[in-house]
Amino acid sequence: MLKTYEEKTSTSKRLYARAGKVLPAGVSYGIRDITPHPYYVKSAKGVKLTDVDGNIYTDYWVGHGALILGHSPDAVVEAVGEQLGRGTHYGFSHELEVKLAERLVEMVPSAEMLRYTSSGTEANMYASRLARAYTGRMGMVKIEGGWHGGYDSLHKAVHAPFDASASAGLNPKTTEDTAVIPFNDLDAANEALKGEGQACLIVEPIMGAAGLLAPDPGYLEGLREICDETGTLLIFDEVITGFRLGPSCAQGYYGVNPDITILGKVMGGGFPIGAFCGSEEVFERLDHRKYPDDSERSFHGGTFTGNPISMIAGITTLDILRNGEVYEKIDALGSRMREGLEDIISGSNVDAVITGVGSGFAIHFQKERPRNARDVLKNDKRPALALYEHMIPRGFAYVTPGLPHSFLAEPHTEEDVDEYLTASEEFFSNYKG
Ligand SMILES: Cc1ncc(COP(=O)(O)O)c(C=O)c1O
């Protein structure tokens, strides 16, 4: 890391020393770690982060992609402020959970019913269980490099080596019924679903943590067909793409409806949330009045499900997003960023390609555009890390230094993008390898 970073972040350095004594690795989530120490954010507004040393960064991580309206948008702050005085957590039914559900059913093409969770991980967990309950099958198929949160049965083949255990402490029995196939490979999907023993196939319509990889034309349609032929539920994990790719999510964008959709991030308006939604026929399996027998019903619940603060923040956010104007702006910024980076790369001696759709962009340091997580392994990490060391002291905030993948939000401007491009150009024209 550049010396200037250490010089600029001395208060963060001291905080990190304290953090290391009480938080493993000094952080709340490993991917937020920065070498030699993270900068500690003191406040955030729009797309500007201010750290405890007074440094200002333009944020391209925007809360793990959740903050499509940026940090603390006025409308959400106001609505949440009013709600705080009326109750932070009821633990009983209330109107806001109905209102948000009505909006979700209206906006998400395949949704007729839904249940909330407090995170995307939990939504994946409950959706997997629901798929098993509905189909009476125990097998699941996921994509190599797919990230669905830390739920045991899907915590498999996340990073290379894909055939090794993805975490210590995982009971191999919890992952043995999970089959893994590569992204963008319909033959592999056909093969995996052939025996008709799989409850569901779960896929991110655009692979997120693997580096914003888009589906080949016809891939999602092909998965839909194979699932229909074999009675397998198709699950789209739209925790990233949900309300980022447009008001009707990736399923509206690509015109392919899954049986179950997993949501999180953007729909919470900056507060913890998750949800899973789908057809009434599948979701009635969660209904204890229709299925009073525990062994026939798929259990779902949780202390903070339907939390009124998350609900009001989600409602306010979706009401801003539903007419599509925000997407016109951020998608145009996304194109400006991707095209700008491509121009810079083509004028340089560095092998790199850009992926991403809409308001997302990722930089892969290799010659070919990756189509799946195995292709991403060919990325050269050295220029990626060098780019990170170049960008952070210049005030550009993003995570996963080895695999830069970033998001734009409504408060970003063309000037922000151009500043990012200027700093990138400096890097690409000087990098010697
Ligand atoms: C596609 C996808 N699914 C699930 C999750 C897990 O969501 P959470 O971190 O809210 O548990 C993530 C988080 O980044 C994600 O990107």
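Keep in mind it's a predicted model, so treat the numbers as computed, not measured. Whatever order the structure lists ligands and atoms in, that order sets their numbers, starting from 1.
Listed by atom number, the atoms of ligand 1 under 4.0 Å from T121 heavy atoms are 6 (C), 7 (O), 8 (P), 11 (O). Residue-ligand proximity, S119 to ligand 1, at heavy-atom distances under 4.0 Å covers atoms 10 (O), 11 (O). Those atoms of ligand 1 that come under 4.0 Å of a heavy atom in I240, given as number and element, are 16 (O). Interface atoms of ligand 1 facing D237, defined by a heavy-atom separation under 4.0 Å, are 1 (C), 2 (C), 3 (N), 4 (C). Set against the non-hydrogen atoms of G149, the atoms of ligand 1 under 4.0 Å away are 4 (C), 5 (C), 6 (C). Per-residue contacts place N124 under 4.0 angstrom from the following atoms of ligand 1 (heavy atoms of the residue considered): 3 (N), 4 (C). Contact atoms of ligand 1 toward K265: 13 (C), 14 (O), 16 (O) (distance under 4.0 Å to a heavy atom of the residue).
Put simply, no part of E238 is less than 4.0 Å from ligand 1, judged by heavy atoms. Ligand 1 has at least one atom lying under 4.0 Å from a heavy atom of E204.
Between G120 and ligand 1, at least one N/O pair is under 3.5 Å apart. No N or O atom of H148 sits closer than 3.5 Å to an N or O atom of ligand 1.
Nearest to atom 5 (C) of ligand 1 by heavy-atom distance, out of I206, I202, V239, I31, is V239.
For the residue pair D51 and Y57, a side-chain donor N or O sits within less than 3.5 Å of a side-chain acceptor on the partner.
With T58 as the partner, the side-chain contact (heavy atoms from CB on, under 4.5 Å) test is satisfied by one option alone out of V417, T413, D416: D416.
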After noting the C-alpha distance and the side-chain angles of E368 and K378, does the key distance pass the salt bridge (Lys or Arg N to Asp or Glu O under 4.0 Å) rule?
CA-CA 9 Å; E368 307 289 332; K378 294 177 202 145; over 6 Å; no

Quick one, F276 with H300, criterion ring pair (Phe, Tyr, Trp, His ring centres under 6.0 Å). Give me CA distance, side-chain angles, the key distance, then yes/no.
CA-CA 11 Å; F276 54 119; H300 155 262; 5.4 Å; yes

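In this structure, the side chain of K329 engages the main chain of H412 through a donor-acceptor pair within 3.5 Å. Of the possible polar contacts, none joining the T305 side chain to the G301 backbone as a donor-acceptor pair under 3.5 Å is found. The backbone N or O of P272 sits less than 3.5 Å from a side-chain atom of S310, completing a donor-acceptor pair. In this structure, E122 contributes its side chain and S119 its backbone to a donor-acceptor pair below 3.5 Å.
Annotation: atom 2 (C) of ligand 1 to nearest protein heavy atom, W147 O, 3.2 Å.
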